[in-house]
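As C-alpha cells, the structure follows; a few thoughts come after it.
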Amino acid sequence: MSLYLGFDSSTQGVKAILIDPARGAIVCAKAVNFEKDLPAFNCPGGVLADPDPLVKHADPLMWLAALDLLLLRLQQDGAPLGRVAAIGGDGQQHGSVYLNDGFARIVAALNPALDLASQLAPALSRKTSPIWMDSSTGAECAELTAAVGARLQSCTGSPAIERFSGPQIRKFARSEPAAYRDTARIHLVSSFLCSVLIGGDAPIDSGDGAGMNLLNLATMRWDEEIAEATAPGLLAKLPAIDATPAVAGGLAFYFAKYGLTAGIPVTTWTGDNPASLVGSGVSSLDTAVVSLGTSDTFFASISPYRVDPAGFGHVFGLPSGGFMCLTCFKNGSLARERVRAEAGVDWDYFDVTAFEQTPPGNHGQWALPWFEPEITPLVTRAGLRANFDFAAAAPQVRIRAVVEAQVMVLRRHSEWIGNFKTLRVTGGGSNSSGILQTLADVFNATVETISTADSAALGAAMIAAHVAGGVSYAALAAAFCPPTRTIRPRAAAVQIHADQMSEFGEFEATAQTN
Ligand code: XUL
C-alpha cells in the first residue's frame with residue numbers, strides 16, 4: 001500500500017511523519033534537533049547569536065544538513081521509504097533564503113556522493129536567513145505603509161509586519177545592495193526545501209506566500225506595485241505561486257540514496273501553520289486550532305475573507321482551499337521552558353501539580369513572559385511583566401500566573417476571528433493538562449487534542465496523500481485526527497476569568513508601555 005511522507009522544517013528542528021492512509025496508521029515519526037544534533041552550526045534554538053536582540057537569523061545550510069540527517073535516520077531505522085508514493089512538507093513561515101544565478105544549475109545536478117549543504121553553499125547570495133523571530137524591520141514597515149497605504153492589508157491579508165519577508169527583503173536590498181543585485185531567486189524556507197527535493201525551482205503556495213506582504217490574495221499573484229515598492233526588480237526574483245498545493249515536481253535522483261524512489265511526486269510545500277490546520281483535521285468554522293510550539297498560534301479557517309481591524313492577525317491561503325486567519329505570539333514554549341527552569345521544577349509539576357495547588361484566576365496575579373520582544377501585542381523591549389512580586393512568589397503561583405496570562409492574551413487577540421465552541425490544541429504544550437484546562441476555562445470552549453502533537457508534519461503528509469494520492473481530506477482527518485482527549489470548561493472557573501477580562505486588559509496595556 002502507498003505511504004506518504006510529510007516533513008516539517010520548524011524553528012528548532014526538522015520532523016518527518018510517514019503515514020499509511022489505507023490502514024489509518026502513522027508508520028513512523030522521526031526528528032532532528034538543530035541545537036542537539038547539529039551543534040556545529042551554532043544555532044541554539046535554531047537561531048544564530050546576534051548582538052541586536054531584534055535580529056534573528058538562521059543558517060540555511062543547517063536546514064539542509066538536518067534534511068540529510070533526518071533521511072539517514074529514517075533509513076537506518078528501517079522505515080519503508082521504498083513504499084513512499086509522494087512527499088509533502090512545510091516550513092517555519094516568513095524565513096527567506098537568498099540564492100544567486102548558480103542555484104538553478106547546482107540544484108538540478110545534486111551529486112549523491114556529497115551532502116546537500118556543501119553542494120548548495122556556493123548558491124547562497126546571502127549566508128544567513130532572517131526568520132520569523134526577527135523584528136528588526138520597523139523602519140521598512142513604516143516606509144512600506146507610507147508607500148502603499150491601507151491596500152497593503154486589504155490585499156495581502158496583513159499590514160506591514162516586521163517578520164514578514166517583504167520588509168525583510170527591503171532591509172536586505174538597502175543594507176547590502178550588491179548582494180541583493182547578485183540574488184537571482186528569493187525562496188521561503190518551505191519553497192527552498194521543496195526546490196532541493198525536486199532538483200528545480202519550486203513554487204510558493206498561498207498559505208506561506210501570504211506571509212510575505214507581497215501576495216495579492218484576490219488575484220493570487222504577486223502584487224506588482226507592492227513588490228516594486230518593496231525593493232527594485234523584486235518581482236523577477238520571486239518564484240511562481242501555487243494558489244493551492246499541486247505537484248511541484250518529481251523527487252531528485254539524489255534522494256534515492258536513502259531508499260526513496262526518484263521521480264515520485266513532491267507536492268508544493270506550505271507554511272507550518274497552514275499545514276497544522278490541515279493536520280488538526282478541523283473542517284468546521286466552529287473549531288479553532290491553538291498550536292503551542294516555539295510560537296503560540298491561534299488559527300481557524302474563515303469565510304468570508306476578512307482582516308484583523310487591530311492589525312495583529314493575518315490571513316493566509318489554506319492548502320485545503322479558501323482562507324485561514326492566524327494570530328501569532330512569539331513567546332511560546334521557550335518562555336514556558338524558562339519559567340519552569342527558573343522555578344526549579346520538572347514538567348510534571350509545571351503541567352499538573354502547579355494547577356492543583358493554585359485556584360483558577362490566581363487571585364488576579366498575572367505575568368507576561370515577554371523574554372523576547374513580542375509580536376502580539378507589539379512590544380519591543382523584552383522582559384517579564386508581572387503585577388505582583390514574581391521573583392518572591394512560590395513556583396506554582398508563578399506558573400499559573402504565566403499560563404493564565406498567555407491564555408488571556410490569546411483570547412483577547414483572537415476575538416476578531418470569532419467565538420469558537422471547540423479548540424483543537426496541538427504542539428508540545430498540548431501535553432500539559434494545566435494549559436488545556438486553562439484554555440477551556442478562559443475560552444469557555446471544549447478543548448480537544450489529537451494523537452500526534454506534530455500536526456504540521458502530519459498535515460504535510462496529508463497534503464501529499466490528497467494531492468498526489470487522491471485521498472479526500474475528510475477521509476484523512478477521520479483516519480488520523482480523531483480527538484484523543486476532551487476537556488470541558490468548568491462553569492465557576494469560566495466566570496472567574498470572564499470577570500477578570502477587563503482588568504487583565506488594563507494590565508496588558510500598562511505592561512506594553514513599561
Ligand atoms: C506565524 C509565525 C510562526 C512561524 C513559526 O506567522 O510567525 O508561527 O510560522 O512557527
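For clarity, every value in this text was computed on a predicted model and none was experimentally measured. We count ligands from 1, going down the list as the structure has it; atoms in each ligand are counted the same way. Here, residue 1 is the first one in the sequence, and each next residue gets the next number.
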Are any of the N or O atoms of [X] closer than 3.5 Å to those of ligand 1?
X: Trp132; answer: no
X: Thr297; answer: no
X: Ser295; answer: yes
X: Thr11; answer: no
X: Gln92; answer: no

Discussion item. So that I know where these two stand, are Phe443 and Phe298 an aromatic pair - ring centroids less than 6.0 Å apart?
Written reply: yes
Discussion item. Taking the ring centre of each residue, are Phe41 and Phe34 less than 6.0 Å apart?
Written reply: no
Practice prompt. Go through Lys171 and Ser136 one step at a time and tell me if the side-chain hydrogen bond (donor to acceptor under 3.5 Å, both in side chains) criterion holds.
Written response: CA-CA 9 Å; Lys171 182 178 169 197; Ser136 66; 2.6 Å; yes
I'd like to check which ligand 1 atoms, numbered from 1 as shown, lie under 4.0 Å from a non-hydrogen atom of [X].
X: His94; result: 1 (C), 2 (C), 6 (O), 7 (O)
X: Gln93; result: 4 (C), 9 (O)
X: Arg163; result: 1 (C), 2 (C), 6 (O), 7 (O)

Worksheet entry | Over-ring placement of Arg338 relative to Phe371, 6.0 Å and 45° cut-offs | yes
Worksheet item: Do Arg163 and Gln93 have side-chain atoms, one donor and one acceptor, less than 3.5 Å apart?
Response: no
Item to complete: Please determine, by modelled atom types, if Gln12 and Thr294 share a side-chain donor-acceptor pair under 3.5 angstrom.
Response: yes
Discussion item. Please confirm whether Leu326 approaches ligand 1 to less than 4.0 Å, judged on its heavy atoms.
Written reply: yes
Fill in: Protein contact to atom 9 (O) of ligand 1 [nearest heavy atom, distance to 0.1 Å]
Asp272 OD1, 2.7 Å
Discussion item. Between Leu410 and Leu439, does the side chain to side chain contact (heavy atoms under 4.5 Å, CB included) criterion hold? Intermediate values first, please.
Written reply: CA-CA 9 Å; Leu410 210 62; Leu439 280 162; 3.7 Å; yes
Worksheet item: Hey, what's the ring geometry for Phe164 with His94, parallel, tilted or perpendicular (30° and 60° as the breaks)?
Response: parallel
Practice prompt. Have a look at ligand 1 and work out which part of Asn273, if any, has a heavy atom under 4.0 Å from it: side chain, backbone, both or neither.
Written response: side chain
